[in-house]
Amino acid sequence: MTDLHDARLTIDLDALAANHAALQARAGDAEVAPAVKANAYGLGAARVADRLWAEGVRSFYVARLAEGVALRAALGDREAAIYVLDGATPGAGDALEGARLTPVLNSLPQIEAWNAQARAGRLKAALHLDTGMNRLGLRPEELKVLLGATDRLKRLDLELVISHLACADVPDHPMNTRQLERFSEAVAQLPNARKSFANSAGLFLGEAYRFDQARPGISLYGGGPEGRPHPEIRAVATVEAPILQVRVVPRGETVGYGATWTAPDTTRIAIVGAGYADGVPRASHPKGQVWFDGARRQMLGRVSMDLMAVDVTDCDAARPGAMVELLGSNMPIDDAATAAGTTAYELLTNIAPRARRIYR
Ligand SMILES: *Cc1c(COP(=O)(O)O)cnc(C)c1O
């Protein structure tokens, strides 16, 4: 049985569509190919992809093979391109081919494996070039090897070349222009493939970063490109949890595990039914805030597994059953993340399955 007052995650699909439109405007003529990896950053890949398809999206990115297989099934006869960032991992060939997934090939052995998978026929492929992040992708000297022996690609239709920015959320970071230069140089040698470079933040760095396709994730889901709220980006996820009890803490008493907070004066607190098992970072203490009854209110003491305490002194509306906003348009995800020393990415992907999901 689900209690209507349990913690809930409301996903505003109209806000998702509005964010898509804002990012498409930033992308100009380039295609917007959303990252829906990690279950669309925790918001539900099938529902998110469904709405984005309705908004005109025809290409998606996932990280894992299993995510791609699930997305292909969810899309049914809607024939989108699905790119798998892990690429052609050992043993994945038949499953990739079976679900018509396009691996983003990350290394010379992956290129060899996928070319071999094509046997007599042909397969589509994307290629990841590393331009400085040192995560996935071919190094410049490996690209040279590939270009010197293009029969490695002879059964592949190399549709797309991508690279990924390491510091796009810091607009004046010198890595951005350095990576842009390296990418531009590399793709000049692969004139027949489309080019994909920008993530969400990359789309805010200027037209030079657009190329043919962008791959935004976080800003579709409500995170600002620079790790703080941005006027063009709307909140998509709203997390609310109920007040279970209101109590008065006399001056000098403490609240919660470790007795880390001591009441400087008589304080009214609300005990809220959400904790780190619901995705509220334990590190929210001591800076974390929630929104209730028209104002931001301080979290007090440590967040526990299922519960946390909030200062509601001078707030008459606090009573059992009233809902507190932990994330949403009044409590921006970037601000909540900063208070907890983390990012909107981690907050979103940590919202626990225990929270009831409602799509609007
Ligand atoms: C996750 C990811 C993205 C999306 O990045 P955001 O910062 O969420 O916009 C794009 N490209 C690659 C390679 C990724 O791993």
Side-chain angles (χ1 to χ4, degrees), residues 16 19-20 22-24 26-27 30-43 45 48-49 52 57 59-65 67-68 71 81-89 101-107 110 125-138 160-171 173 175-176 179-180 182-183 186-187 194-205 209-230 232-234 236-237 333-334 337 342-350:
L16 172 75
N19 291 342
H20 171 263
L23 294 168
Q24 183 66 71
R26 289 265 170 190
E31 180 187 20
V32 169
V36 295
K37 59 194 182 185
N39 198 26
Y41 294 37
L43 300 184
V48 163
L52 290 172
V57 166
S59 303
F60 296 95
Y61 279 85
V62 295
R64 304 273 122 83
L65 168 63
E67 294 173 350
L71 181 60
I82 301 175
Y83 297 99
V84 178
L85 289 164
D86 282 357
T89 47
L101 306 175
T102 309
V104 181
L105 303 172
N106 289 312
S107 65
Q110 283 202 354
L127 181 65
H128 196 154
L129 301 179
D130 179 54
T131 51
M133 190 169 184
N134 275 304
R135 198 172 63 170
L136 294 174
L138 266 61
L160 186 74
V161 182
I162 84 160
S163 191
H164 192 48
L165 288 157
C167 305
D169 57 334
V170 183
H173 199 293
M175 274 292 274
N176 295 323
Q179 287 191 269
L180 178 61
R182 287 185 188 157
F183 188 61
V187 296
R194 296 169 70 223
K195 297 148 195 68
S196 176
F197 194 46
N199 61 343
S200 300
L203 277 173
F204 290 77
L205 295 179
Y209 290 77
R210 287 175 175 174
F211 293 92
D212 301 308
Q213 184 199 71
R215 309 181 306 273
I218 194 68
S219 291
L220 285 166
Y221 310 120
E226 294 173 36
R228 56 173 183 270
H230 188 282
E232 292 172 33
I233 302 300
R234 284 172 53 182
V236 174
I333 188 158
D334 288 302
T342 182
T343 61
Y345 299 81
E346 197 175 33
L347 271 194
L348 277 179
T349 53
N350 277 346

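All heavy atoms count here, side chains included; hydrogens, waters and symmetry mates do not. Both ligands and their constituent atoms are indexed starting at 1 by order of listing. Note that the numbering runs from 1 along the sequence shown for the chain.
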What protein heavy atom sits nearest [atom], and how far away is it?
{"atom": "atom 7 (O) of ligand 1", "value": "Y345 OH, 2.6 Å"}
{"atom": "atom 5 (O) of ligand 1", "value": "N199 CB, 3.4 Å"}
{"atom": "atom 14 (C) of ligand 1", "value": "K37 NZ, 2.9 Å"}
{"atom": "atom 9 (O) of ligand 1", "value": "S200 OG, 2.6 Å"}
{"atom": "atom 8 (O) of ligand 1", "value": "Y41 OH, 2.5 Å"}

Record the part of R215 in heavy-atom contact with ligand 1 below 4.0 Å; permitted values are side chain, backbone, both and neither.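 Both of them.
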
Does any N or O in the side chain of [X] come within less than 3.5 Å of the main-chain N or O of [Y], such that one atom is a donor and the other an acceptor?
{"X": "Q110", "Y": "N106", "result": "yes"}
{"X": "D130", "Y": "L138", "result": "no"}
{"X": "N19", "Y": "I233", "result": "no"}

Please indicate whether any nitrogen or oxygen in P216 is less than 3.5 Å from any nitrogen or oxygen in ligand 1.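 P216 vs ligand 1: no N/O contact under 3.5 Å.
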
What about the rings of F211 and F183, do their centers lie closer together than 6.0 Å?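 Ring centres of F183 and F211 closer than 6.0 Å.
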
With a 6.0 Å cut-off on the ring centroids, do H164 and F197 count as close?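 Between H164 and F197, the centre distance exceeds or equals 6.0 Å.
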
For ligand 1, is there an atom lying under 4.0 Å from some heavy atom of Y61?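 No; Y61 lies far enough from ligand 1 that no heavy-atom distance drops under 4.0 Å.
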
Which of the atoms of ligand 1 are close to L85, meaning less than 4.0 Å from one of its heavy atoms?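 With L85 as reference, the close atoms of ligand 1 come out as 13 (C), 14 (C), 15 (O).
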
Which atoms of ligand 1 sit under 4.0 Å from any heavy atom of R135?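 The list of qualifying atoms is 15 (O).
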
Could you check whether R64 pairs with D86 (Lys NZ or Arg NE/NH1/NH2 to Asp/Glu carboxylate O, under 4.0 Å)?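 Result for this pair is yes, salt bridge flagged.
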
Decide whether Q179 and Y209 meet the rule of one side-chain donor and one side-chain acceptor closer than 3.5 Å.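 There is no such pair (donor and acceptor under 3.5 Å, judged by atom type) between the side chains of Q179 and Y209.
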
